[in-house]
Amino acid sequence: MLTRIPKGTKDVLPAESGRLQAVEAVMREKARLAGYQEIRTPVFEHTELFARSAGETSDVVRKEMYTFLDKGDRSITLKPESTAGVVRAFIESGLYAQALPLKVYYLSAPHFRYEAPQAGRLREHHQFGMECFGAPEASADAELIQTAMDVLTSLGLKGVALRINSIGCPDCRPAYQQKLRDYLHTKTDVLCKDCVERTETNPLRVLDCKNPECQKELRDAPRMLDDLCDSCREHFEALKRFLDAAEIPYAVDPSIVRGLDYYTKTVFELTTDTPTGTLTACGGGRYDKLVEQIGGPSIPAVGFGMGIERVLMLLDQLSPEDQKLNVPSSAPDVFVASLNRVLAVNAFELMLAFRHAGLKADMDHAARSLKAQFKYADKLGAAYVAILGDDEVQKGVVKLRDMRTKEEIEVSLASAPETLNSRIPKHGKEA
RNA sequence: GUGGGUAUAGUUCAGUGGUAGAGCGCCAGAUUGUGGCUCUGGAAGUCGUGGGUUCGAGCCCCACUACUCACCCCA
């Protein structure tokens with residue numbers, strides 16, 4: 001138990017962290033280009049916030065939250081999603097009083113859901129997400145979708161599919177829900193047990209059922225899209241025009257309803273096919289009533305969340321050449337090897353001199369044989385090894401060995417950093 | 001919550017009742033001041049846990065635990 005990672009969590013090991021950073025860099029840059037600024041909110045919030053936003057009947061709130069009482073008897077919950085916390089901060093800090101729309105993003109924010117882990121599903125996962133406040137127009141929805149899509153395709157992912165739907169608003173949804181419920185009541189004997197139950201609690205959710213039998217029966221079910229009010233219909237039509245303008249193909253999928261209750265109008269998902277099935281990498285939508293519902297002014301908003309582990313998982317299915325990642329190199333430009341322990345101090349000084357010159361420099365910290373130091377330097381991928389022996393130190397020089405060409409030159413200790421700097425390709429120094 | 005699969009060295013895995021193994025990795029030597037390749041040697045295992053069958057169990061049986069995959073839902 002002691003050396004066992006908790007179920008549903010993952011370590012990011014040194015071998016993978018570079019890739020992760022590269023993915024994050026793309027997300028950050030795309031958000032920046034779209035005018036979004038970073039926001040960071042706490043890992044935990046008051047439980048009530050999630051209950052009020054995601055909805056008391058949602059799966060997330062009902063059975064998946066990490067909730068506990070802190071020492072002050074406050075009910076605290078590790079965030080299962082980020083929108084609620086961002087909305088809370090938006091209201092609490094009075095950001096609505098500033099210029100709107102306000103555009104924010106969060107990156108690698110940890111999220112917690114207590115559920116059975118499996119491929120692409122963790123108890124702690126991380127999300128990149130973007131939220132836009134005070135923008136009622138569909139161009140904002142389209143901008144978010146386009147940015148999310150851009151992130152995925154920029155990373156080299158192919159076949160990312162966009163599915164969109166509108167689930168209406170408080171003006172038109174209740175009437176539709178009743179209509180749908182009436183229809184479902186005529187199918188009670190053929191629908192699965194879950195669906196019969198959902199007919200009463202959350203009829204929209206029935207549309208989402210994966211049971212083929214249910215899907216068959218739902219073919220002729222009334223569609224929210226046919227019963228949208230003028231405002232919602234116009235918004236949806238406008239969204240399609242903006243997506244067309246961005247040349248983003250999409251499929252209208254009436255079965256997308258989303259698991260969180262706060263959505264209005266636009267909902268969407270970005271999915272990719274995997275050998276084991278379709279994986280949703282990104283999901284989001286509009287939430288025009290949420291800010292008000294949590295106690296803020298009436299301000300419309302729209303946003304999405306993207307699962308970082310899922311993105312990495314999809315990238316793993318690509319060949320290394322197809323992954324468009326700029327992974328920073330950790331290989332040293334130079335490894336300082338020394339013949340004995342006494343010389344380690346000279347080696348230390350030389351290593352620092354290299355670093356001052358902006359070179360990635362490392363040295364032996366294990367008092368190993370020269371041969372072992374070379375072996376280690378090779379494993380690290382060092383471009384050069386600087387060799388310090390008694391002779392060299394006495395003469396005030398150092399040998400620089402090019403590990404690739406095996407060419408060795410002897411230069412003065414003082415000029416070594418400059419010499420190497422001129423020989424190391426620039427990109428090698430930046431990472 | 002329901003149903004599959006797996007559990008042996010750091011790691012990936014072989015081992016169908018009779019001495020605990022291999023590849024990779026790690027350390028060292030061959031080469032006493034020089035890496036990758038090669039060769040040689042070395043360290044490293046409560047065979048998930050507990051019970052049972054047997055002269056004898058890593059292997060067969062039972063239970064438990066952990067992990068994992070799938071369903072549901074989601075990122």
Side-chain angles (χ1 to χ4, degrees), chain A residues 1 3-10 13 15 54 57-64 79-83 106 108-129 148 152 192-195 197-198 202 205-206 208-212 214 256-260 267 269-272 275-284 303-314 335 337-340 343 366 368-393 399-408:
Chain A
M1 227 39 192
T3 54
R4 196 125 193 189
I5 196 167
K7 191 184 177 89
T9 64
K10 275 181 97 166
L13 300 174
T57 62
S58 66
D59 278 6
V60 168
V61 171
R62 269 183 28 232
K63 49 188 191 188
E64 294 177 0
K79 64 181 171 193
E81 61 102 30
S82 271
T83 299
Y106 48 88
S108 283
H111 291 74
F112 304 86
R113 293 183 198 171
Y114 192 88
E115 52 187 337
Q118 55 189 266
R121 241 183 57 201
L122 297 162
R123 287 184 175 178
E124 184 198 35
H125 75 280
H126 299 79
Q127 285 187 25
F128 161 63
L152 297 180
C192 72
K193 204 177 64 203
D194 286 346
C195 281
E197 193 184 313
R198 284 190 287 234
N202 197 341
R205 194 62 46 89
V206 177
D208 198 30
C209 184
K210 300 291 190 293
N211 187 322
C214 293
I256 301 181
V257 297
R258 312 288 309 151
L260 306 169
V267 288
E269 292 180 357
L270 294 181
T271 59
T272 302
T276 54
T278 302
L279 193 73
T280 301
C282 173
F304 72 79
M306 185 181 289
I308 291 182
E309 284 85 355
R310 288 195 177 175
V311 170
L312 285 169
M313 205 174 143
L314 293 172
F335 184 93
S338 52
L339 262 299
N340 58 57
L343 294 171
R368 284 194 281 212
S369 70
L370 186 67
K371 180 192 177 107
Q373 291 180 58
F374 264 91
K375 237 175 159 164
Y376 182 61
D378 188 59
K379 291 234 171 63
L380 295 178
Y384 281 81
V385 169
I387 307 146
L388 277 182
D390 292 308
D391 297 347
E392 283 84 0
V393 170
K399 270 189 190 149
L400 299 177
R401 179 183 176 89
D402 184 325
M403 291 296 273
R404 200 171 47 79
T405 65
K406 300 185 174 188
E407 178 200 2
E408 248 172 55

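Here the structure is a predicted model, which is why all the values come from computation and not from measurement. Letters A, B, ... mirror the listed sequences (proteins, then strands); counts begin at 1.
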To the side chain of [X], which of [options] is closest?
{"X": "Arg368(A)", "options": "G35(B), A28(B), C74(B)", "value": "A28(B)"}
{"X": "Glu64(A)", "options": "C73(B), G35(B), A28(B)", "value": "C73(B)"}
{"X": "Gln118(A)", "options": "G35(B), C69(B), C73(B)", "value": "C69(B)"}
{"X": "Glu115(A)", "options": "C26(B), A75(B), G1(B)", "value": "A75(B)"}
{"X": "Arg113(A)", "options": "A75(B), G1(B), C73(B)", "value": "A75(B)"}
{"X": "Ala116(A)", "options": "A28(B), C73(B), G1(B)", "value": "G1(B)"}
{"X": "Arg4(A)", "options": "C67(B), U68(B), A28(B)", "value": "C67(B)"}
{"X": "Arg258(A)", "options": "U68(B), C74(B), U34(B)", "value": "C74(B)"}
{"X": "Lys7(A)", "options": "U68(B), A75(B), C26(B)", "value": "U68(B)"}

Requested in this report: Ignoring backbone atoms, establish whether Lys379(A) has a side-chain N or O less than 4.0 Å from OP1 or OP2 of C26(B).
Outcome: yes

From [atom1] of [X] over to [atom2] of [N], roughly how many Å is that when rounded to an integer?
{"X": "Leu400(A)", "N": "G35(B)", "atom1": "CG", "atom2": "C1'", "value": "16 Å"}
{"X": "Met313(A)", "N": "C74(B)", "atom1": "CE", "atom2": "P", "value": "18 Å"}
{"X": "Gln373(A)", "N": "G36(B)", "atom1": "CD", "atom2": "C1'", "value": "17 Å"}
{"X": "Phe335(A)", "N": "G35(B)", "atom1": "CZ", "atom2": "C1'", "value": "11 Å"}
{"X": "Arg310(A)", "N": "A75(B)", "atom1": "CZ", "atom2": "P", "value": "8 Å"}
{"X": "Arg121(A)", "N": "G1(B)", "atom1": "CZ", "atom2": "P", "value": "14 Å"}
{"X": "Ile5(A)", "N": "C67(B)", "atom1": "CD1", "atom2": "P", "value": "11 Å"}
{"X": "Lys406(A)", "N": "G35(B)", "atom1": "NZ", "atom2": "C1'", "value": "8 Å"}

Please classify the nucleic acid contact of [X] as base, sugar-phosphate, or nothing, using heavy-atom distances under 4.0 Å.
{"X": "Met306(A)", "value": "nothing"}
{"X": "Arg123(A)", "value": "nothing"}
{"X": "Gly120(A)", "value": "base"}
{"X": "Leu122(A)", "value": "base"}
{"X": "Ala281(A)", "value": "sugar-phosphate"}
{"X": "Glu81(A)", "value": "nothing"}

Provide the distance between the two [atom1] atoms, one in [N] and one in [M], to the nearest whole Å.
{"N": "U49(B)", "M": "U8(B)", "atom1": "P", "result": "10 Å"}
{"N": "U11(B)", "M": "A7(B)", "atom1": "C1'", "result": "15 Å"}
{"N": "G3(B)", "M": "A20(B)", "atom1": "C1'", "result": "35 Å"}
{"N": "U54(B)", "M": "C59(B)", "atom1": "C1'", "result": "13 Å"}
{"N": "A75(B)", "M": "U2(B)", "atom1": "P", "result": "25 Å"}
{"N": "U19(B)", "M": "G56(B)", "atom1": "P", "result": "15 Å"}
{"N": "U40(B)", "M": "G25(B)", "atom1": "P", "result": "15 Å"}
{"N": "G29(B)", "M": "U12(B)", "atom1": "P", "result": "30 Å"}

So which nucleotide does [N] pair with, by the Watson-Crick or G-U wobble rule with both distances under 3.5 Å?
{"N": "G56(B)", "value": "none"}
{"N": "U65(B)", "value": "A7(B)"}
{"N": "G17(B)", "value": "none"}
{"N": "C72(B)", "value": "none"}
{"N": "A22(B)", "value": "U12(B)"}
{"N": "A44(B)", "value": "none"}
{"N": "C37(B)", "value": "none"}

Report task. At under 4.0 Å between heavy atoms, which parts of nucleotides 38-44 of chain B does protein reach? Answer with one letter per nucleotide, 5' to 3': B base, S sugar-phosphate only, - none. Result -> -------

In plain terms, say whether [X] and [Y] are close enough for a salt bridge, that is, a side-chain N and a carboxylate O under 4.0 Å apart.
{"X": "Lys375(A)", "Y": "Asp378(A)", "value": "no"}
{"X": "Lys399(A)", "Y": "Glu392(A)", "value": "yes"}
{"X": "Glu309(A)", "Y": "Arg121(A)", "value": "no"}

Query raised in the report: Is it the case that His111(A) and Glu81(A) place a side-chain donor and acceptor less than 3.5 Å from each other?
Result: no

Can you name the closest pair of heavy atoms from [X] and [Y] and give their distance?
{"X": "Gly389(A)", "Y": "Leu339(A)", "answer": "CA-CD2, 3.8 Å"}
{"X": "Leu152(A)", "Y": "Ala281(A)", "answer": "CD1-CB, 4.4 Å"}
{"X": "Gly8(A)", "Y": "Leu122(A)", "answer": "O-CB, 3.3 Å"}
{"X": "Arg310(A)", "Y": "Gly120(A)", "answer": "NE-O, 2.7 Å"}
{"X": "Tyr106(A)", "Y": "Gly305(A)", "answer": "OH-CA, 4.1 Å"}

Query - Main-chain N/O of Val267(A) paired with Arg258(A) side-chain donor or acceptor, under 3.5 Å - result: no

Query raised in the report: Does Thr405(A) use its side chain to pair, donor to acceptor, with the backbone of Glu407(A) at less than 3.5 Å?
Result: yes

Query raised in the report: Side chains of Arg123(A) and Tyr114(A): does their closest heavy-atom pair fall under 4.5 Å?
Result: yes

Report, one pair per line, the protein and nucleotides 29-33 of chain B atoms (nitrogen or oxygen only) whose separation is under 3.5 Å.
unit_1: G33(B); atom_1: O6; unit_2: Asp391(A); atom_2: OD2; d: 3.0
unit_1: G33(B); atom_1: O6; unit_2: Glu392(A); atom_2: OE1; d: 3.4
unit_1: G33(B); atom_1: N1; unit_2: Glu392(A); atom_2: OE1; d: 3.0
unit_1: G33(B); atom_1: N1; unit_2: Glu392(A); atom_2: OE2; d: 2.8
unit_1: G33(B); atom_1: N2; unit_2: Glu392(A); atom_2: OE2; d: 3.0

Query raised in the report: Taking the six-membered ring for Trp, are Phe335(A) and Tyr376(A) ring centroids under 6.0 Å apart?
Result: yes

Query raised in the report: Starting at the 5' end of RNA chain B, which residue's closest nucleotide do you reach first, Gly8(A) or Arg205(A)?
Result: Gly8(A)

Requested in this report: Could you check Met403(A) against Val385(A) for side-chain contact (heavy atoms from CB on, under 4.5 Å), going step by step and ending with a plain yes or no?
Outcome: CA-CA 7 Å; Met403(A) 291 296 273; Val385(A) 169; 3.5 Å; yes

Query raised in the report: Can you check whether His125(A) stacks with the A75(B) base, using ring centres under 5.5 Å and planes within 30°?
Result: yes

